[in-house]
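The next block holds one structure in the form of structure tokens; read it before the comments.
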Amino acid sequence: MTASLVLVATPIGNLGDLSPRAVEALAGADLICCEDTRRTGRLLAHAGVGRGAAGRPRLRRLDEHTEAAAIPEILELLEAGAAVALVSDAGMPALNDPGARLVAATAEAGHAVTVVPGPSAGSAALAVSGLAADRHCFEGFLPRRGEARAGRLAEIAAHECTTVIYESPHRLAACLQDLADACGAQRRAVVARELTKLHEEIVRGRLGELRDWAAAGVKGEAVIVLEGAPARHGAVADADTGADVERLRGDVERLVSTGVTRRDAVAAVAVENRVPRRWLYNTVLRSNDRR
Ligand code: SAM
């Protein structure tokens with residue numbers, strides 16, 4: 001291996017997913033940067049990558065707190081001709097994991113950066129979801145709270161392409177609840193849970209159903225894959241919103257007749273047609289009163 005930084009994808013659960021090229025890259029590295037030296041040590045032991053008397057490859061912790069401080073040292077090693085590998089705890093490093101700053105600094109310094117692709121939870125979940133995948137938006141983790149979260153949810157509700165969202169196990173139910181509120185309970189989504197592990201589960205449904213399923217408590221790592229908002233149509237009628245009130249009212253009533261609550265039906269139709277939810281609610285009630 002010549003002086004370069006190589007990003008190596010590692011399993012997201014099933015150790016059998018560690019590729020021969022990944023083992024080769026790890027075995028050939030002088031230094032492996034990793035989030036957790038014990039965890040990566042176990043992976044190396046599993047892969048039969050010996051860490052002989054010379055201590056090669058050496059492990060160095062690189063996480064979100066230590067990344068900035070580690071960069072000068074790693075650049076010096078690369079300057080001296082070392083082969084450096086970067087892994088994270090699971091999946092592709094630098095994707096919602098540490099590493100992006102190191103990659104940028106290494107490239108900026110003129111050293112080669114290469115990649116050994118492999119498992120990544122987001123792309124695995126997207127592929128297995130069956131939702132449209134040609135255009136998709138990879139959101140990673142949503143902001144935890146406040147205006148940042150509300151704003152992101154509103155943006156996501158309007159995305160016409162499929163959205164991929166990471167979530168931690170104990171926040172999954174709350175995330176599905178927020179998505180149902182923002183996108184309407186009728187929007188389709190898929191939760192891909194414990195991918196490649198013994199209890200792998202792919203749950204497909206409407207956001208309202210998934211919200212109810214998760215409310216009982218769901219364990220394990222999960223990715224939410226959300227169907228995109230329907231493409232905007234050009235109907236025009238209402239002076240304030242440009243919306244075709246009668247068509248929207250009809251859409252709401254059709255959903256209500258299938259058992260959806262009026263609140264959820266209004267939310268779904270509002271998002272689909274990009275009209276304010278409160279305006280639609282009042283408009284539908286008004287036009288029902290007139291009948
Ligand atoms: N860089 C990683 C990758 O490429 O897969 C992602 C790291 S991110 C910190 C961790 C998130 O990935 C989890 O919160 C979960 O959303 C998702 N994840 C990781 N492993 C998973 C698995 N086996 N099944 C489902 N989701 C998983």
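All ligand and atom numbering here is 1-based and tracks the order in the structure. Atom set for the values below is all heavy atoms of this structure, side chains included, hydrogens, waters and symmetry mates excluded. All figures in this text were calculated on a predicted structure; none of them were measured in a lab.
- Here the side chain of Ser88 pairs a donor or acceptor atom with the backbone of Ala90 at under 3.5 angstrom.
- Regarding atom 7 (C) of ligand 1, its nearest protein heavy-atom neighbour is Asp97 OD2, 3.3 Å.
- Looking at atom 10 (C) of ligand 1, its nearest protein heavy atom turns out to be Phe141 CZ, 4.0 Å.
- The distance criterion of under 3.5 Å between nitrogen or oxygen atoms is met by Met92 with respect to ligand 1.
- For atom 15 (C) of ligand 1, the candidate residues are Ala121, Ala222, Ser123; the nearest heavy-atom contact is made by Ala222.
- For ligand 1, the polar-atom distance check finds an N/O of Ile12 within less than 3.5 Å of one of the ligand's N/O atoms.
- Taking distance alone, with nitrogen or oxygen atoms compared against 3.5 Å, Ser120 approaches ligand 1 more closely than that limit.
- Between the side chain of Tyr166 and the backbone N or O of Gly122, at least one donor-acceptor pair lies under 3.5 Å.
- We find that Arg187 and Glu227 are not joined by a salt bridge, their nearest charged nitrogen and carboxylate oxygen being 4.0 Å or further apart.
- Distances between N or O atoms of Arg193 and those of ligand 1 include no value under 3.5 Å.
- Polar contact check, Gly91 against ligand 1: no nitrogen or oxygen pair lies under 3.5 Å apart.
- The residue Pro93 has no part lying near ligand 1, judged by heavy-atom distances below 4.0 Å.
- Heavy-atom contacts of Lys197 reach the following atoms of ligand 1: 23 (N) (cutoff under 4.0 Å).
- Contact analysis leaves Thr196 out of contact with ligand 1, as no non-hydrogen atom separation drops below 4.0 angstrom.
- In this structure, Glu221 and Lys197 have side chains that are in contact, with non-hydrogen atoms separated by less than 4.5 Å.
- The side-chain heavy atoms of Leu78 and Ile74, taken from C-beta on, include a pair separated by under 4.5 Å.
- Using a cutoff of 4.0 Å between basic side-chain nitrogens and carboxylate oxygens, Arg61 and Glu35 are not scored as salt-bridged.
- Here the protein heavy atom with the shortest distance to atom 26 (N) of ligand 1 is Val223 CG2, 3.4 Å.
- Backbone and side-chain nitrogen or oxygen atoms of Asn96 are examined, and none is located within less than 3.5 angstrom of a nitrogen or oxygen of ligand 1.
- Listed by number with element, the atoms of ligand 1 under 4.0 angstrom from any heavy atom of Glu167 are 14 (O), 15 (C), 16 (O).
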| task | Before giving the answer on side chain to side chain contact (heavy atoms under 4.5 Å, CB included), spell out for Gln186 and Asp264 the whole-Å C-alpha distance, their side-chain angles and the decisive distance to 0.1 Å. | result | CA-CA 8 Å; Gln186 290 303 304; Asp264 283 346; 5.7 Å; no

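- Heavy atoms from both the backbone and the side chain of Leu195 come within less than 4.0 Å of ligand 1.
- Of all the atoms in ligand 1, the ones that sit under 4.0 Å from a non-hydrogen atom of Glu194 are 23 (N), 24 (N), 25 (C).
- Between Arg60 and Ile32, every side-chain heavy-atom pair lies at or beyond the 4.5 Å cut-off.
- Near Ala192, the atoms of ligand 1 lying under 4.0 angstrom from a non-hydrogen atom of the residue are 25 (C).
- Within ligand 1, the atoms closer than 4.0 Å to a non-hydrogen atom of Ala90 are 1 (N), 2 (C), 3 (C), numbered from 1 in the order shown.
- With respect to atom 21 (C) of ligand 1, the closest heavy atom belonging to the protein is Glu221 CB, 3.7 Å.
- No single ILVMFWY cluster, assembled from side-chain heavy atoms under 4.5 Å apart, contains both Leu207 and Leu255.
- Using a 4.0 Å heavy-atom cutoff, Gly13 is absent from the residues neighbouring ligand 1.
- Counting atoms of ligand 1 from 1 in the listed order, those under 4.0 Å from a heavy atom of Leu95 are 1 (N), 2 (C), 6 (C).
- The pair Arg58-Asp30 fails the salt-bridge criterion, with no side-chain N (NZ, NE, NH1 or NH2) lying under 4.0 Å from an Asp/Glu carboxylate O.
- In the hydrophobic clustering of ILVMFWY residues, with side-chain heavy atoms under 4.5 Å counting as a link, Leu18 and Val6 come out together.
- A salt bridge links Arg249 with Glu246: the distance from a Lys NZ or Arg NE/NH1/NH2 to an Asp or Glu carboxylate oxygen falls below 4.0 Å.
- Given atom 6 (C) of ligand 1, the protein heavy atom at minimum distance is Tyr166 CE1, 3.6 Å.
- Taking 4.5 Å as the limit, every side-chain heavy atom of Glu194 sits out of range of all side-chain heavy atoms of Glu201.
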